[in-house]
*Asks:* 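I am attaching a structure below and will ask some questions about it afterwards.
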Amino acid sequence: MVGKIVEVEAYKGSDDPASHAFRGITLRNRPMFGEPGHAYIYFTYGNHFCLNVTTEQSGTPGAVLIRALEPVEGLNSMRKLRPNVSDLELTSGPGKLTKALGIDKSLNEVDMTKRGPLFIIDSGSEDFQMRCSPRVGIRRGTDRLWRVYVSDNPCVSRP
DNA sequence: TCGAAGATTCTA
DNA sequence: AGAATCTTCGAA
């Protein structure tokens, strides 16, 4: 299955009250302190997984939450995992895309810079416009415009 | 050891 | 608007 990333949010460490890493390293957020380019996957609200990619050098917490994808390939597999929704809504949210791609904690900490069960590649030059906004679903740190999404893409969450 | 909150989604 | 649903964290 393949999807184009169309919406992300940035999370940092001790200076970011919305981040899991705000209060230091714990069992759950340990991947955020590890090597860059690896997956940080956590379970929330008793229902959903969320997928992040670590960004900072080892020892410095930082990650990017993948909030939405545009389905590109393997649509049939995604439809099986998420029945009763339109194609546009298959991956239009952080919990939705993990379900549509079958992502769970077994993929935690995999290296997403190398080909493997889960990885990210550069699709080359694409023509699109980016926008920023406050992050979604948090109570603190809402003053930071660290949600970045592709303008006019119907697959971004909460239009 | 226990209680509260949560980087959400679906249904009424 | 509200429930579902369970893990994680921090305080007691």
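Just so we're on the same page: letters track the sequence lines, and every chain starts at 1.
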*Asks:* Let me check I have this right: for DNA chain B, each base becomes ., (, ), [, ] or |, based on Watson-Crick or G-U pairs with both distances under 3.5 Å. What is the full string?
*Replies:* ||||||.||||.
*Asks:* What is the distance from CD1 of A:Ile25 to C1' of C:dG10, rounded to the nearest Å?
*Replies:*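 Distance check: A:Ile25 CD1 to C:dG10 C1' gives 17 Å.
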*Asks:* Near DNA chain C, counting only heavy atoms under 4.0 Å, which residues of residues 87-103 of chain A show up?
*Replies:*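 Heavy-atom cutoff 4.0 Å gives no residues at all.
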*Asks:* With distance as the sole test, does A:Asn108 use its side chain to make a donor-acceptor pair with the main-chain N or O of A:Ile41 at under 3.5 Å?
*Replies:*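 Yes, because the side chain of A:Asn108 sits within donor-acceptor range (under 3.5 Å) of the backbone of A:Ile41.
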*Asks:* Is the backbone N or O of A:Tyr40 less than 3.5 Å from a side-chain atom of A:Asn52, with the two atoms forming a donor-acceptor pair by type?
*Replies:*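 Yes; judged by distance alone, with no hydrogens or angles, the pair exists.
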*Asks:* Using whole Å, report how far CG of A:Leu27 lies from P of C:dG10.
*Replies:*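 About 12 Å, once rounded to whole Å.
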*Asks:* From the set C:dC9, C:dT5, B:dC10, return the single nucleotide nearest to any side-chain atom of A:Arg28.
*Replies:*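 So the side chain of A:Arg28 is nearest to C:dC9.
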*Asks:* Tell me, please, which residues at least two apart from A:Glu56 pass salt bridge (Lys or Arg N to Asp or Glu O under 4.0 Å).
*Replies:*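 Salt bridge (Lys or Arg N to Asp or Glu O under 4.0 Å) check on A:Glu56 returns nothing, list empty.
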*Asks:* Does A:Lys12 place a side-chain N or O at less than 4.0 Å from the phosphate oxygens OP1/OP2 of B:dA7?
*Replies:*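 No, outside the criterion.
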*Asks:* What nucleotide, of B:dA7, C:dC9, B:dT9, holds the atom closest to the side chain of A:His20?
*Replies:*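 The answer is B:dA7, which lies nearest to the side chain.
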*Asks:* Quick check: closest heavy atoms across A:Cys155 and A:Leu69, and the distance to 0.1 Å?
*Replies:*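 That closest heavy-atom pairing would be CB-O, 3.4 Å.
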*Asks:* Does any N or O in the side chain of A:Ser19 come within less than 3.5 Å of the main-chain N or O of A:Asp16, such that one atom is a donor and the other an acceptor?
*Replies:*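 No; zero donor-acceptor contacts below 3.5 Å.
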*Asks:* Determine yes or no for a side-chain-to-main-chain donor-acceptor pair under 3.5 angstrom, with A:Thr98 supplying the side chain and A:Phe49 the backbone.
*Replies:*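 Flag set: sc A:Thr98 to bb A:Phe49 pair under 3.5 Å.
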*Asks:* Considering every strand and a 4.0 Å limit on heavy-atom distances, what is the contact class for A:Arg82: base, sugar-phosphate, or nothing?
*Replies:*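 Sugar-phosphate, no base atom in range.
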*Asks:* Output the single nucleotide from B:dT9, B:dA7, B:dG6 whose closest atom is nearest the side chain of A:Arg139.
*Replies:*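 Looking only at heavy atoms from C-beta outward on A:Arg139, the closest nucleotide is B:dG6.
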*Asks:* For the side chain of A:Arg79 and the backbone of A:Asp87, is there at least one donor-acceptor N/O pair under 3.5 Å apart?
*Replies:*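 A pair under 3.5 Å: no.
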*Asks:* A:Asp104 has an atom CG; how far is it from atom P of C:dT7, in whole Å?
*Replies:*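 Between P of C:dT7 and CG of A:Asp104: 14 Å.
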*Asks:* Looking at A:Thr54 and A:Ala63, would you say the former's side chain and the latter's main chain have a donor-acceptor pair under 3.5 Å?
*Replies:*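 Such a contact is absent between A:Thr54 side chain and A:Ala63 backbone.
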*Asks:* Could you please name the option among B:dA7, C:dT8, B:dT8 that lies closest to any side-chain atom of A:His48?
*Replies:*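 Nearest listed nucleotide: B:dT8.
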*Asks:* Just jot down the side-chain contact (heavy atoms from CB on, under 4.5 Å) partners of A:Ala10, sequence neighbours excluded, or say none.
*Replies:*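 side-chain contact (heavy atoms from CB on, under 4.5 Å) check on A:Ala10 returns A:Trp146.
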*Asks:* Looking at residues 32-45 of chain A, who's got a heavy atom less than 4.0 Å off DNA chain C?
*Replies:*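 Under 4.0 Å from DNA chain C: A:Phe43, A:Tyr45.
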*Asks:* Expected output is a numbered-order residue list: members of residues 52-75 of chain A with a heavy atom under 4.0 Å from any atom of DNA chain C. What is it?
*Replies:*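 Of all residues in residues 52-75 of chain A, none places a heavy atom under 4.0 Å from DNA chain C.
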*Asks:* Kindly determine whether A:Glu9 and A:Arg67 satisfy salt bridge (Lys or Arg N to Asp or Glu O under 4.0 Å), including the steps that lead there.
*Replies:* CA-CA 7 Å; A:Glu9 283 177 8; A:Arg67 284 194 60 86; 3.5 Å; yes
*Asks:* Separation of A:Glu9 atom CD from B:dT8 atom P, in whole Å?
*Replies:*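 For the pair A:Glu9 CD and B:dT8 P, the rounded distance is 7 Å.
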*Asks:* Please report, rounded to the nearest Å, how far the P atom of B:dA7 is from the CZ atom of A:Arg23.
*Replies:*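 Nearest whole value for this atom pair: 12 Å.
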*Asks:* Between atom CG in A:Leu145 and atom P in B:dA7, what is the gap in whole Å?
*Replies:*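 The distance from CG of A:Leu145 to P of B:dA7 comes to 19 Å, rounded to the nearest Å.
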*Asks:* Where the side chain of A:Arg82 meets the backbone of A:Thr91, is there a donor-acceptor pair that is under 3.5 Å apart?
*Replies:*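 Absent.
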*Asks:* Does this structure show an ion pair linking A:Glu109 with A:Arg30, if we count only N-O contacts that are shorter than 4.0 Å?
*Replies:*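 Counted as a salt bridge, because a side-chain N and a carboxylate O are separated by less than 4.0 Å.
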*Asks:* Spell out, as yes or no, whether a donor-acceptor pair under 3.5 Å connects the side chain of A:Glu7 to the backbone of A:Ser157.
*Replies:*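 At least one qualifying donor-acceptor pair exists.
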*Asks:* Would you call the rings of A:Tyr42 and A:His20 parallel, tilted or perpendicular, where under 30° means parallel and over 60° means perpendicular?
*Replies:*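 Perpendicular, since the angle between the ring planes exceeds 60°.
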